[in-house]
Q: 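I have a structure I would like to understand better, so I am pasting it below and will then ask my questions one at a time.
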Number of protein chains: 2
Amino acid sequence: MSNGSVQSVDRAIAILEILAREGASRVTDLAAELDVHKSTAFRLLGALEQGGLVEQSGDRGRYRLGFGVVRLAGAATAQLDLAKESRAVCLRLAGEVGETVNVAVPQDGHAVNVSQVRGPSAISGHNWVGQRTPAHATSSGKVLLAFGALPLPEALDRFTPLTITDARLLGLEEIRRRGWAFTVEELELGLNAVAAPVRGSDGAVVAAVSASGPSYRLTPQRLPEVGEIMTAGAREISQRIGYYR
Amino acid sequence: MSNGSVQSVDRAIAILEILAREGASRVTDLAAELDVHKSTAFRLLGALEQGGLVEQSGDRGRYRLGFGVVRLAGAATAQLDLAKESRAVCLRLAGEVGETVNVAVPQDGHAVNVSQVRGPSAISGHNWVGQRTPAHATSSGKVLLAFGALPLPEALDRFTPLTITDARLLGLEEIRRRGWAFTVEELELGLNAVAAPVRGSDGAVVAAVSASGPSYRLTPQRLPEVGEIMTAGAREISQRIGYYR
DNA sequence: CTCCTCTTTTCCGTATGGTGGAAACCAAGT
DNA sequence: ACTTGGTTTCCACCATACGGAAAAGAGGAG
């Protein structure tokens with residue numbers, strides 16, 4: 001843990017905080033509050049302005065927070081929103097399907113779980129949250145691959161004898177057509193899963209919600225039924241985070 | 001207009017943008033993308049973390065945007081929200097009262113107008129938006145003084161023979177009791193106004209909405225009626241920006 | 001359990017980027 | 001037209017931020 005000592009970055013952040021508090025400020029006032037020279041304050045404001053984090057008010061020499069801050073915050077809260085808004089839906093889905101439900105987002109070429117609700121009959125205490133999973137061997141991953149939220153990996157590693165290691169056999173087009181994906185003992189023997197796409201406000205797929213359980217309960221015959229349930233659940237999560245189509 | 005040349009601030013902002021785009025990143029990846037040394041990236045992240053704009057993800061060495069960005073954005077959008085959300089209400093109030101309606105926020109010891117809707121019978125083409133007005137001589141200003149959104153100025157300047165220049169005679173307690181304020185030819189001869197307080201999500205008064213017009217139309221006898229209308233309008237604006245009490 | 005690989009984190013000498021100061025420029029008020 | 005106070009520009013200097021080396025840590029393979 002560092003002590004945060006980059007003087008001009010510290011000062012720039014202090015300027016942002018002052019502007020958040022005051023609404024708008026003049027160069028002179030900011031300089032006085034920061035105890036720096038007016039030319040220093042002016043230069044720091046220039047850098048923040050160039051980066052979109054501040055902008056000039058109508059009248060000369062007065063600054064306020066810029067829309068760049070709102071854009072950054074939008075990105076910061078998007079995943080907070082997703083985890084928060086999806087929780088209630090995951091709880092219901094876990095009860096309805098009877099298995100563990102997860103929400104995964106694309107990150108560094110992997111599917112990373114950000115939310116989990118354990119199924120009522122869950123045997124395993126396994127917590128998937130924070131864990132990255134191989135996209136080609138998980139139902140969530142296949143969804144993210146199919147809908148363009150993840151790029152196809154160069155190598156598809158084998159985890160079980162049933163793992164698909166040929167990209168052409170992943171069936172991504174069929175997943176797009178059907179609207180949900182599944183795996184049958186491809187990540188772990190005895191583990192099946194079904195996932196559906198979660199869309200953001202612009203319609204792009206930003207996450208996947210999945211149900212997973214032992215193959216003797218989540219049988220291949222049961223996949224279509226569970227697929228429809230997850231698709232409806234995914235749609236509801238999408239609406240909760242701002243997708244209205 | 002400066003060229004934004006503060007290298008470490010520029011780099012810090014670039015880090016924020018990368019994190020907004022990627023969701024989370026490692027030190028090594030940020031360094032590569034910024035084309036700086038890993039120790040440089042690490043130090044900049046430390047400064048941003050100290051300022052609350054980034055935080056570490058669960059796993060070691062991975063960073064994401066922090067809640068400080070959301071707090072800054074909250075401040076940035078609050079006034080955008082106010083101007084946007086109040087517009088529809090101001091339009092209706094202007095029609096209902098028949099006079100020009102303004103919304104003012106406290107800034108640097110003044111009441112500053114951020115939104116205006118001209119009344120149907122407005123004679124003057126005067127645009128108040130962006131203009132700061134003396135708090136003690138305007139109805140909006142008196143509201144902001146009464147409810148603690150503005151401090152009492154040291155000197156109360158006289159604008160007309162009717163301007164109140166003794167702070168004790170402003171009647172701030174009565175304004176709090178009654179819930180609205182008025183001026184009668186205190187800023188300009190022949191100009192009267194009525195204002196009511198707009199509250200933010202935490203209940204604090206963050207703005208005032210006012211109706212102003214010529215004293216032969218906005219007569220003293222008409223002030224109570226208009227006061228009630230403005231109070232209802234202010235409550236509606238408050239609810240639109242998140243006040244639910 | 002050991003070793004390897006890669007990343008994170010720390011430390012430090014150096015040079016360059018950021019500083020304060022002086023001054024030019026600008027806007028508002030009298 | 002002049003004054004006042006703030007904004008903005010320019011520049012020499014030095015203190016801070018840099019990159020590099022290395023220590024520490026984590027994860028994976030054998």
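Below, read A as the first sequence line, B as the second, and so on, with proteins coming before strands; counting in each chain starts at 1. Both backbone and side-chain heavy atoms feed into the values below; hydrogens, waters and symmetry mates do not.
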Q: Expressed in angstrom and rounded to an integer, what is the separation of Phe42(B) atom CZ from dC6(C) atom P?
A: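 Phe42(B) atom CZ is separated from dC6(C) atom P by 21 Å.
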Q: Figure out the NE2/P separation between His37(B) and dT14(C), and round it to whole Å.
A: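 To the nearest whole Å, that distance equals 17 Å.
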Q: How long is the straight-line distance from OG1 of Thr165(A) back to CG of Leu170(A), given to the nearest 0.5 Å?
A: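 Interatomic distance, Leu170(A) CG to Thr165(A) OG1, rounded to 0.5 Å: 9.0 Å.
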Q: Please determine if a side-chain N or O atom of Arg43(B) lies less than 4.0 Å away from the OP1 or OP2 oxygen of dA17(D).
A: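 Negative; the distance criterion is not met.
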Q: Confirm from the modelled atom types if Thr28(A) and dG6(D) form a donor-acceptor pair under 3.5 Å, side chain to base only.
A: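 It does not, because no donor-acceptor pair links the side chain of Thr28(A) to the base of dG6(D) below 3.5 Å.
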Q: Take atom CG of Asp35(A) as the centre, draw a 6.0 Å sphere, and report whether it contains more than 12 heavy atoms from other residues, nucleotides or ligands.
A: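 No, because the 6.0 Å sphere around CG of Asp35(A) holds 12 heavy atoms or fewer from other groups.
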Q: Among the candidates dG21(C), dT8(C), dT10(C), find the nucleotide nearest to the side-chain atoms of Ser39(B).
A: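 Of the candidates, dT10(C) comes closest.
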Q: Can you measure Leu45(A) atom CG to dG18(C) atom P for me and round it to whole angstrom units?
A: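 Computing the Leu45(A):CG to dG18(C):P distance gives 15 Å.
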Q: When the nearest nucleotide of DNA chain D is assigned to Leu44(B) and to Val27(A) on a heavy-atom basis, which residue is associated with the more 5' position?
A: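 Going by which nucleotide is closer to the 5' end, it is Val27(A).
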Q: Would you kindly give the NZ-to-C1' distance between Lys38(A) and dC10(D), to the nearest whole Å?
A: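 That distance rounds to 15 Å.
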Q: Quick one: Arg62(B) CZ to dT7(C) P, roughly how many Å, whole number?
A: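 Going from Arg62(B) (CZ) to dT7(C) (P), I get 11 Å.
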Q: May I ask you to verify if any side-chain N or O of Tyr63(A) is less than 4.0 angstrom from the OP1 or OP2 atom of dT8(D)?
A: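 So the side-chain polar atoms of Tyr63(A) do come within 4.0 Å of the phosphate oxygens OP1 or OP2 of dT8(D), strictly under.
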Q: Whether Arg11(B) contacts dA17(D) is assessed here as follows: a side-chain N or O lying under 4.0 Å from the phosphate OP1 or OP2. Is that the case?
A: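 No, Arg11(B) has no side-chain N/O under 4.0 Å of OP1/OP2 on dA17(D).
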Q: What's the separation between atom CG in Leu189(A) and atom CZ in Phe159(A), rounded to the nearest 0.5 Å?
A: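 Going from the CG atom of Leu189(A) to the CZ atom of Phe159(A) covers 12.5 Å.
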Q: Please report, rounded to the nearest Å, how far the P atom of dG6(D) is from the CD atom of Glu33(A).
A: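 Roughly 15 Å, once rounded to whole Å.
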Q: What integer distance in Å separates Leu34(A):CG from dT19(C):P?
A: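 Taking atom P of dT19(C) as the reference, CG of Leu34(A) is at 10 Å.
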Q: With a 4.0 Å limit, can you tell me whether Ser8(B) has a side-chain N or O closer than that to the phosphate oxygens OP1/OP2 of dG17(C)?
A: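 No, because none of the side-chain N or O atoms of Ser8(B) sits under 4.0 Å from OP1 or OP2 of dG17(C).
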Q: So if I take every side-chain heavy atom of Arg26(B) and compare against dG17(C), dG20(D), dT7(C), which nucleotide ends up nearest?
A: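 The answer is dT7(C), which lies nearest to the side chain.
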Q: In this structure, are over 12 heavy atoms from other groups packed under 6.0 Å from Arg168(B) atom CZ?
A: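 Check fails, neighbour count at 12 or below.
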Q: In whole angstroms, how far is the C1' atom of dT16(C) from the CG atom of Asp10(B)?
A: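 Atom CG in Asp10(B) sits about 15 Å away from atom C1' in dT16(C).
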Q: Report yes if the side chains of Val54(A) and Glu49(A) come closer than 4.5 Å at any heavy-atom pair, otherwise no.
A: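 Side chain of Val54(A) against side chain of Glu49(A), heavy atoms only: contact under 4.5 Å found.
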